[in-house]
Peer 1: 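One structure coming up, written as structure tokens, with questions to follow.
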Amino acid sequence: MKLNCRSRDIYTSISNALSSTANKKDLQKLHSLLITFGLSKSLFLSGKLISKYSQFKDPNSSLLIFRENSLTNNAYLWNTIIRAMTHNELYAKALEFYAEMGKLQVKPDSYTFPSVINACGSLMDLGKGRVVHEHVKELGFDSDVYINNTLVDMYSRCSELGRAREVFDEMPSRDIVSWNSLISGYTSNGYFKEALEVYTQLRIGGLMPDSFSFSSVLLTCGGLGEVEEGQIVHGLVEKVGAYKDVIVSNGLLSMYFKFDMLNNCDRIFNEMVRKDSVTWNTIICGYCESGFYEESINLFLEMVDSFKPDILTITSVLRACTYVGNLKLGRYVHNYMISNGYKCDNIASNIIINMYAKCGDVLHSREVFESMGNHDLVSWNSLLNGYIENGLYQEAIDLLRRMKKSFQPDFVTYVALFSICTELANVNFTEELHCDIIKQGFGSTQILGNALVGAYAKCGKMEDSLKQFETMKVRDTVTWNSIIASCGNSKTSSLGLTMLSRMRKEGIMPDVPTFLSALPLCSYLIAKRQGKEMHGCILRLGFESNVPIGNALIEMYSNTGSLKNSILVFEQMKTRDLVSWTAIISAYGMFGEGRKALIAFQNMKAAGIFPDHIVFIAVIYACSHSGLVQEGKACFEQMKKDYNIVPRIEHYACVVDLLSRSGLLTEAEEFITSMPLKPDASIWGVLLSACRASGDMKIAERVSEHVLELDTNDPGYYVLASNVYASLGKWDRVRKIRTSLKAKGLKKEPGISWLEIRNKVYYFGAGDRFFEQRKEVVELLDDLSGLMAKEGYAADVRFVLHDVGEDEKVDMLCGHSERLAIAFGLLNTKPGTPLMVMKNLRVCGDCHTVTKYISKIMKREILVRDSNRFHLFRDGSCSCKDHW
DNA sequence: CTAGGGTTAG
């Protein structure tokens, strides 16, 4: 630095030097020179010093100099210190000085107000802003363009667009900044239409928009999704060459990202001569938001070579890492931040918490959370979500309790908390949540209302779910979907179908999830007609190309007895996934078409679909239902050897099923004892029911012991064992099992059969005495018994588990639910019509025989679906070839 | 005095 000492006027010399200082060191030297020459009391030079120090981000030095001169009555020095504070974002401090000025009765001038008003706007302090506005009027500065422009901006920042507009309208004269302030005010508050109108007025008035105008209006067009308008603005930008200004090109980038016109973004970006950090952030963030996370990350890596990323760039790329689950890069960027001394504000910390949580690194997520100074709502919610998404429900609940001490949970918190209800199926928690939601006034929000419907159902509180559903004033598609999905079990499936037709009557459009929930309802009910109707609906709405819908249709058709339609849907699908193949393979399996199932499995592999453990279950079951023992065993071996799938308990159950259904009981028993996993009740249960069906009571008794030893909580297995002892006449054992069932509070699932006749579903329980046409049904069954006896039938009373006389046992057999249903069907349909009956448990051996006879005597095709598969009875035999 | 880029759920 050279100071011209020969100059007579040291004052001028220092003054000039001050104006051109480019760094803080020079400034400090000048400052001491100034003191040496005794010029430190000069108002003008002190003012310059204050401004300069604030430019170099040293507000403390500015303050010191000001305090040394604070006796002045002149507004000039006050203006400088207020401006210095505002520049350094110390807005509250700036306002304190303004207040002090008032107390000391220093009269503000027109230069005082812009900074003061700016401070109010930045603090979004509307109250103070209004007071200052009054001062402006009192002092007669209300026609000053400069001041009015700041007022427009201040009111905009406080979201008081009405006041902003008023000031704008009353201005005696306006410049381009006035227009820009109003446009950007509207835009940043989301009033895009108004912003565009003001821009149009500006154009009509003949004023040329400048870079600021373009920047704002481009965002406006982006916000409005007004592609044409945006392109017109773009045209003007090109015409006047405004694209050379980096803020305008940034605006263009941002707009085209909103329009999802990525090619334009690429072109603009590549043609930009000057890029700033906003340019990079816009493009990195834009790609991220359009789902091109890899591009986003690559751009970041490209940028780092030539540009130092700022905190916003870093957070943008961290979000990309979050979306793709790239923990490695996320961690790297986080460490880079730490070692390069980036300061995290709350937003940045929250993004990091979220990144770690979404990438599954809850420990680091928590660490960042705990190291933050002030948590805000988003921080709490982010960690809470992290816990929930990673299955740490207890941690989530603990965190919630901690949070409640200092923060009121908000809407987002509650939305997140619902996954806890559904995952843990915890009624108490759900009820507590429900109370809180009502207390906080979120009770009537759509999303939370919908969530409650699902949560109660998941907790097994169907009545509460329905109550919630009925009390809701507005029911959208999601509400209906929730209630229909909640009806997705055999007990409520017909209610579910009622809900679907109610939904249609109220004119609510079903969507893909609606059908994904509703189609399985048809399966439970064998509601063939409703299933077909839904299929029609799906075609009309154009959902048929949706893969999960196709899969659900295959399942629906096979479950409602139409293998043909299942195949049709499958063949018409343009894309098929593993689930589609699994569905068609199990469809073949259910209908005893084991060979076709195996062919489908071959075709699946040929189509390049890699099998998983589930499709193997379907394949082995298909073999089992068709008696393909060797093939089934081969599949089991193939699974282990060729596909490296470690068999789970379900696979062992399949093989036991395969062997025992084909009568290879000893081999099945050996298989069980040699398996590497501990056989559970399901394994023994499979063998047990096969023993009973085949009548091998020696093994059956042995197996029963195993089942009872396991002490399970599934009543089905006790019933099986009990049946074995009953067949052996060991009634004391039967009673013992019954008492232990009672002690455990377990109840045998009652046998229920049902069928649909003319759009109505009729249910029959075992031994039911109250149902329509009971007399006729009993008579018909009696008549049939007589006819069957002539054909050589004798009741197999081994299938009765009650301690009663032989005659009564025969009666009880006749009361089996499937038989009642069949008789009812025969009575209520025209001769020759095929019947379809569904049973919740496995069909009983005696009923299986009887149905064969009935199909022959009555010349009817009878399709029975039990819990395992289909039985198509025709002319005295069954499609299952007795592999049931 | 006016512009532009970053946070949680569904």
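What's counted below: heavy atoms across the whole structure, side chains too, no hydrogens, waters or symmetry copies. These numbers come from a predicted model, not from an experiment. Chain A is the first sequence line, chain B the second, and so forth, proteins listed ahead of strands; every chain is numbered from 1.
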Peer 1: When we call it a touch if two heavy atoms are under 4.0 Å apart, what does A:Asn118 touch: a base, just sugar-phosphate, or nothing?
Peer 2: sugar-phosphate

Peer 1: At 4.0 Å (heavy atoms only), tell me whether A:Ser184 reaches a base, stays on the sugar-phosphate, or touches nothing.
Peer 2: sugar-phosphate

Peer 1: Is A:Thr315 touching bases, backbone alone, or none of the nucleic acid, heavy atoms closer than 4.0 Å?
Peer 2: base

Peer 1: Mind telling me whether A:Trp179 and A:Phe168 have parallel, tilted or perpendicular rings, with 30° and 60° as the class edges?
Peer 2: perpendicular

Peer 1: Under 4.0 Å, counting only non-hydrogen atoms across every strand here, what does A:Ser277 touch: a base, just sugar-phosphate, or nothing?
Peer 2: base

Peer 1: Going 5' to 3' on DNA chain B, which nucleotide is the first and which the last to come under 4.0 Å of a heavy atom in chain A?
Peer 2: B:dC1 to B:dG10

Peer 1: Should we say atom OH of A:Tyr332 is surrounded by more than 12 heavy atoms from elsewhere, each under 6.0 Å from it?
Peer 2: no

Peer 1: Just to be sure I understand the rule, does A:Arg157 reach a base, reach only the sugar-phosphate, or reach nothing, if contact means heavy atoms closer than 4.0 Å?
Peer 2: sugar-phosphate

Peer 1: Mind checking A:Asp345 for me? I need base, sugar-phosphate or nothing, with any heavy atom below 4.0 Å counting as a touch.
Peer 2: base

Peer 1: Just checking, is any N or O donor in the side chain of A:Ser51 or A:Thr80 under 3.5 Å from an acceptor N or O on the other one?
Peer 2: no

Peer 1: With a cut-off of under 6.0 Å to the ring centre and 45° to the axis, is A:Lys275 in cation-pi contact with A:Phe269?
Peer 2: yes

Peer 1: Anything under 30° is parallel, anything over 60° is perpendicular, the rest tilted; go ahead and classify A:Trp380 against A:Phe369.
Peer 2: perpendicular

Peer 1: For A:Phe411, report the nucleic acid contact type (base, sugar-phosphate, nothing); a contact means any heavy atom under 4.0 Å.
Peer 2: base

Peer 1: Classify A:Asn250 by what it touches in the nucleic acid, base, sugar-phosphate, or nothing, heavy-atom distance under 4.0 Å.
Peer 2: base

Peer 1: Name all residues meeting the salt bridge (Lys or Arg N to Asp or Glu O under 4.0 Å) criterion together with A:Asp361; count only those two or more places apart in sequence or in a different chain, and write none if there are none.
Peer 2: A:Arg331

Peer 1: Which part of the nucleic acid does A:Leu219 contact within heavy-atom distance under 4.0 Å: base, sugar-phosphate only, or nothing?
Peer 2: sugar-phosphate

Peer 1: Any base atoms under 4.0 Å from A:Ala451, or only sugar-phosphate, or nothing? Heavy atoms, all strands.
Peer 2: nothing

